[in-house]
Amino acid sequence: MDYNFSEIEQKWQAEWEKNGTYRVSNKSDKQPFYVLDMFPYPSGAGLHVGHPLGYIASDIYSRYKRQKGFNVLHPMGFDAYGLPAEQYAIQTGQHPEVTTNKNIKRYIEQLRKIGFCYDWDREVRTCDPNFYKWTQWAFLQMFNSYYDSALQKARPISELIAKWEANDPTWKTLSEKEQQERLMNYRIAYLSDTKVNWCPALGTVLANDEVSEGLSVRGGYPVEQRVMRQWSLRVSAYAARLLEGLDRVDWTESLKETQRNWIGRSEGAEMQFAVKGQDEPFTIFTTRADTVFGVTFMVLAPESEYVQRVVTDEQRAEVEAYLDRCKHRTERERIADRRVTGVFTGSYAINPLTNGEIPIYISDYVLAGYGTGAIMAVPAHDSRDYAFAKHFNLPIIPLIEGADVSEASFDAKEGKMMNSGFLNGMEVPDAIQAMKEYITNTGIGRVKVNYRLRDAIFSRQRYWGEPFPIYYKDGMPYAIPEDKLPLELPEVKEFKSTNGQPPLANAKDWTYEGHPLELCTMPGFAGSSAYYLRYMDPHNDKALVDKDVNAYWRQVNLYIGGTEHATGHLIYSRFWNKFLFDLGYVCEDEPFKKLINQGMIQGRSNFVYRYIGEGATGNLYISYNLIEQPEYKDKVQPIHVDVNIVHNDVLDITAFRNWMPEFRNAEFVFADGTSYDDNPYLAGPKQYICGCAIEKMSKSMFNVVNPDDVIAQYGADTLRLYEMFLGPLEMSKPWDTNGIDGVHRFLKKLWNLYETISNEEPTKDELRSLHKLIKKVTWDIENFSFNTSIPAFMIAVNELGKCNKRAILETIAILIAPFAPHIAEEMWHRCGHGTTVCDAEWPECNEAYLVEDNQNYPIQFNGKVRFTLSLPKTMSKEDVEKNVMADEQTTKYLAGNTPKKVIVVPGRIVNIVM
RNA sequence: GCCGCGGUGGUGGAAUCGGUAGACACGAAGGACUUAAAAUCCUUUGGCCAGUGAUGGCUGUGCGGGUUCAAGUCCCGCCCGCGGUACCA
């Protein structure tokens, strides 16, 4: 009986669909369990073999949980708005909706073939009006809310207005426009003039997490700073809660640490410095209040509002020139160029402790967006200040005993203070504390916590995104009533921005009751911030998610996805969820209880080596094993070859010649050094060995492996098993098809056991093998160690030999069902069952079968194992020792020595120390 | 620079609580079946040394120390690779 995987897989995929096997109900007596994959952006290239890694893992877990008796929600959908589809539209004129839907269709086909247990009735697409209605709705909630810092939660803005109406006499005197302007400072979704990351190539602004080292993460285009009027989300208001919440979720430490760094809590003090000859002081933020005695200059960010106040007439021209220069540098240039720059303002500040006069400078090493945009510079103990002081020849006053600041600053927060008035002799941490108390008591400043986390810029000057449900009256934004949602994305003639206006300016009649609508659309993270809630109740047109339904599923129990979303999506959706929690729309304030990052699957490229030495014809290729030989060394050129025409690093000659016209007449020097491939009388096949390298999986490297091809050749079950077999889920690893045969062979071997099934009683050994397997696989799945389960199955099948007993085979079908659902279903039915294996109860391990009468004790001498001794498991420590010492082999290895000590660990090991 | 993760045979990897390092698989070598090939099955396979041989010995988890009866695993100091982040005061 052949293992006809494609027949089996197609049959069961059709059956499951017909029977609605994977449909999930919101009404169940079972305990709920929610397993979620990060939904994909449907790119034009389709899925490659790296994408399903996390999906397979979550699918295994979902199926396992279902067999354990849970009601498992395991949905899939598409993050369908985004830049690539729109860039493609600009180039080709094809509507992004058309290409997006086409890509989604392809993705669904590919996903279906792998046999996932998704409930497709719950599929969501962020670009679907029925979906983005709720994205817009959430935005309106944010627009109509403010963050109450006393309560530490979002409240309806109407409460704030009511408060002002009752307590603030000026409120009523304001015009409507003035009132709106004031409210804008409080709304959670607000419009403001902000310094934004502008990407000219993409024609849009980007959020901080979409920029890396001055380049856009998507596409790698330069990004520059610009002040623009943009929508932002007040994520920073949630900084403290986003930080605190990390202690209550089960994520990896590294991911939590990345988020903590991104949020960047820093405890310090704000201090006032008077300006000589002026009434108004200015405020700086520092974490080293203890170093005030060493301040030798002050620095303002170029964009600081203090700049214009302190610049003197004599210095004005020089300052303006410097500001102008800063403005024209892109973020990237600033990062690349670490040379010290700056300019003196002409003014002096007064040190509040020493009353000394200190010059005020402007430099772009101080950031406007952090703290107060102004610092006190302590060159002796801050490396940036040190570099600046050296460059401008400013004094450096060491404050810590023994610190040598002749070559570099001493940044560490340790040591004894000196040159510091009343702080002298204190240890640094104590000095920081003492200074904080001092400035609080004297009113010079106050203790302050700062966060690095900024508000998220929420406008995009692009077409393919959610329209804002906002119109403008008198220059002020107003919300479209909720019952008018969704505000559908209009058709445009041109997807490109024209005359500096976003593409929506090209839409006909883009107005609401005669008022112009917002022209920007929302960013990619808008649609992905609450999609997990929508899966709970995807067809509800009254609410994002029904309260009872939300109360049933509560939160995502297991979330699997890539680590690249650590600072974007995973911050935004936590923020979004907390906001909805504040307003009482959801019942949990953290959306993802447990989170696992699957590793990346890298590509494994193959090369052929074209001979370019003397007499080269350009179509001779040297086998990889020969290229180091003298006649070929340094005379070959590696050329990427499509990995799909290479098997176990051996090139398919015919396929290679047909691959591209330039290889049509390719000649080879084979592994054995000969060059004839068409002589059937020569012994053995001629093999051309390819070289290999681990690189990113990409079209240009010809190393993309498509799951469809793997499925066609080996079947989905082999693909699923092999992806897990490759290594630990969380580790990055190259896709290397060498080895997939082993997994496929195992499935065949397993399959053959089910040819004729007997009702014979299993033996003790068979039961032991089975229950060992149950124990191992259960432990593995609970601990997400899927890679170790596959060998466990292999070992069990090897141990069982030709066993065909129903009692054993039935259970194995259940055990392997999460991993290889198609073959499991077929085997389950062969055992005589009529219902799906998905609902077959997960077996319990019976420890009684595992108990072995004897224990094989390794006997060590001075820690080296010399032999093993089989002794009864129940034997006491003393008896084990007696038996070991009485053994003739022990006498041999003791060689007349008297043991100093004998260590017996019952059930484990014996070590004799001589 | 800082933070995180990792380094085990020719390869992917296993060793879950400090207790027989290299499970399982790939590849390779040899063999069986076959006219031949594919498929399948069997044997060997970390390195070095000794022995005709069953076998025995030494060595071995990036490097150097340490703790321990016992270290891939724990501690200290380095080296290398990968990922993230970077004037955050």
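Here is the naming used below: chain letters follow the sequence lines, and residue numbers restart at 1 for every chain. The figures that follow rest on heavy atoms only: side chains count, while hydrogens, waters and symmetry mates do not.
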Nucleic acid footprint by protein, nucleotides 1-9 of chain B - heavy-atom cut-off 4.0 Å, B for base, S for sugar-phosphate alone: --SS-----

Sugar-phosphate or base contact per nucleotide [nucleotides 64-75 of chain B; S, B, -; heavy atom under 4.0 Å]: -----BS-----

Between N or O atoms, less than 3.5 Å apart, protein on one side and nucleotides 57-59 of chain B on the other: list the pairs.
| residue | atom | partner | partner atom | Å |
| --- | --- | --- | --- | --- |
| G57(B) | OP1 | Tyr893(A) | OH | 3.2 |
| C58(B) | OP1 | Arg866(A) | NH2 | 3.3 |
| C58(B) | OP2 | Arg866(A) | NH1 | 3.0 |
| U59(B) | OP2 | Lys864(A) | NZ | 3.4 |

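Side-chain proximity of Pro728(A) to C87(B), G13(B), A89(B): nearest is G13(B). Of the candidate nucleotides G13(B), A86(B), C87(B), C87(B) has the atom nearest to the side chain of Tyr365(A). With A89(B), U40(B), A25(B) as the candidates, the nucleotide lying closest to the side chain of Arg745(A) is U40(B). The side chain of Phe725(A) approaches A25(B) more closely than any other nucleotide in the set A25(B), U20(B), U85(B). Which of A25(B), G12(B), U85(B) sits closest to the side chain of Met794(A) comes down to A25(B). Distances were taken from every side-chain heavy atom of Tyr370(A) (C-beta onward) to each of A89(B), C87(B), G19(B); the shortest belongs to A89(B).
Counting any heavy atom pair closer than 4.0 Å across all strands shown, Val366(A) reaches a base atom. Residue contacts shown for Asn798(A) are limited to sugar-phosphate atoms, with no base heavy atom under 4.0 Å away. As judged by a 4.0 angstrom heavy-atom cut-off over every strand, Asn787(A) is placed among residues touching the sugar-phosphate backbone only.
The salt bridge (charged side-chain N to carboxylate O under 4.0 Å, His left out) check on Glu847(A) picks up Lys775(A), with sequence neighbours excluded. For Arg325(A), the salt bridge (charged side-chain N to carboxylate O under 4.0 Å, His left out) test picks out no residue, with sequence neighbours left out. Among residues two or more places apart in sequence or in another chain, the salt bridge (charged side-chain N to carboxylate O under 4.0 Å, His left out) test is passed with Lys733(A) by none. Take Glu881(A) and apply the salt bridge (charged side-chain N to carboxylate O under 4.0 Å, His left out) test, not counting sequence neighbours, and it matches no residue.
Listed by first and then second residue, the ring-ring contact (aromatic ring centres under 6.0 Å, His included) pairs involving residues 367-387 of chain A amount to none (not counting sequence neighbours). Sorted by first and then second residue, the salt bridge (charged side-chain N to carboxylate O under 4.0 Å, His left out) pairs involving residues 734-747 of chain A (not counting sequence neighbours) are Arg604(A)-Asp736(A). Sorted by first and then second residue, the salt bridge (charged side-chain N to carboxylate O under 4.0 Å, His left out) pairs involving residues 786-802 of chain A (not counting sequence neighbours) are Lys772(A)-Glu799(A).
Phosphate proximity of U20(B) to Tyr857(A): absent, as no side-chain N or O sits under 4.0 Å from OP1 or OP2. Checking the phosphate oxygens (OP1, OP2) of A39(B), no side-chain nitrogen or oxygen of Lys748(A) falls inside 4.0 Å.
Between Phe819(A) and Phe793(A), the ring center distance clears the sub-6.0 Å criterion. Aromatic ring centres of Tyr365(A) and Phe388(A): separated by under 6.0 Å. Between Tyr361(A) and Phe392(A), the distance from one ring center to the other falls under 6.0 angstrom. Aromatic pair Tyr451(A)/Trp262(A): centroids not less than 6.0 angstrom apart.
Within residues 294-305 of chain A, no residue has any heavy atom closer than 4.0 Å to RNA chain B.
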Structure string for RNA chain B in dot-bracket form, Watson-Crick and G-U at under 3.5 Å, | interchain: (((((((..(((......[....)))((((((.......))))))(((((....)))))..(((((..]....))))))))))))....

